[in-house]
Amino acid sequence: MTRLPFSLDRTVVIHAPRAVVFRYFADPERFARWWGEGSSIEGRVGGAVRIVYPNRVVAGGAVTRFEPERLVAFTYGYEDPQKPIPIGGSLVTIELRDHADGTLLTLRHDLPSEVDRDHHVPGWRFQLSLFANAVADEHHRTAQSMADQWFAAWAEADAKALTRLLTACTIDDVTLQDRYSCLRGRADLLDHIVMTQKFMPGIVMTRAGDVRHCQGTALVEWTAEDAAGAMRGKGCNVVRFAADGRIAGVVGLW
């Protein structure tokens, strides 16, 4: 299509790898998970795009570029002839790049007028926020399991089993900050846990309630009991996850 005179640009970081993010443009079910029931996309050049908003306004277009894990572009307009942009009347281009926290998504929406551009600014702000959550919720669906493995590690006395637990649930450069810790690296964390077991024997930490996750960060409530079952402490961990789903950092609040 002819280059349009006005463009809306926006970038967001998605806490998941590019391959995971791109699935939402190749799989109509995932696309609908983002946009809502009735929405769909055909993941190929020339494929149909249909977006059904909660107020039942329908937008549509066709895929013009489809480069797996890198870029997708599609025309965009409204079925309602009373709307200012007809089907095929604007162009959305989404590009994906690697980022330390997952994927950097860059969106460009080319539109026919300044009014149309300004009208779509809050919409894309909202929709890309929904997208960031939809992808991160799927990718970090193991957040609760990772938290449980973290707590299990603090009570594991066998060195090999402890190493396996920490390798499974943390990255090499994991960080921990709390009232008794300010450290970086899995090796340092392992030594710290061993010393904690030595000077605080029999203490067991357990997750209390469900993990609350949002875009790669989670709140995890916990309790600590001694060997007799007496409460020795409680608090909340702020857990930051790496792009591969493992724990990248923990801030523990007592």
Problem set entry | R50 and E79 ion-paired at < 4.0 Å | yes
Exercise. Considering residues, nucleotides and ligands other than R97, do more than 12 of their heavy atoms fall under 6.0 Å from its CZ?
Worked result: no
Seminar exercise, completed: Nearest heavy-atom contact between V135 and A16 is CG1-CB, 3.7 Å
For this session: Please state whether the rings of F25 and W34 are parallel, tilted or perpendicular, taking 30° and 60° as the class boundaries.
Result: perpendicular
For this session: May I ask you to decide if the ring planes of F241 and H140 are parallel, tilted or perpendicular, using 30° and 60° as cut-offs?
Result: tilted
Exercise. Mind checking whether W150 and N237 have side chains closer than 4.5 Å, heavy atoms only?
Worked result: yes
Problem set entry | Side chain proximity check, K83 to V57, heavy atoms < 4.5 angstrom | yes
For this session: Please name all residues satisfying side chain to side chain donor-acceptor pair (under 3.5 Å) with E221, sequence neighbours left out, ordered by chain then number.
Result: R212
For this session: List in chain and number order the residues that pass ring-ring contact (aromatic ring centres under 6.0 Å, His included) with H15, two or more places apart in sequence or in another chain; answer none if no residue qualifies.
Result: none
Exercise. In terms of ring plane angle, is the pair W124 and W35 parallel, tilted or perpendicular, where the classes change at 30° and 60°?
Worked result: perpendicular
Exercise. Taking the side chain as C-beta and beyond, is there a heavy-atom pair between D9 and T106 under 4.5 Å?
Worked result: no
Exercise. Can you find a pair of side-chain heavy atoms, one from I51 and one from F31, that are under 4.5 Å apart?
Worked result: yes
For this session: Please confirm whether the backbone N or O of T103 pairs with a side-chain atom of R18, one donor and one acceptor, at under 3.5 Å?
Result: no
For this session: Might you point out which heavy atoms bring A224 and M205 nearest each other, and give the distance in Å?
Result: CB-CG, 3.9 Å
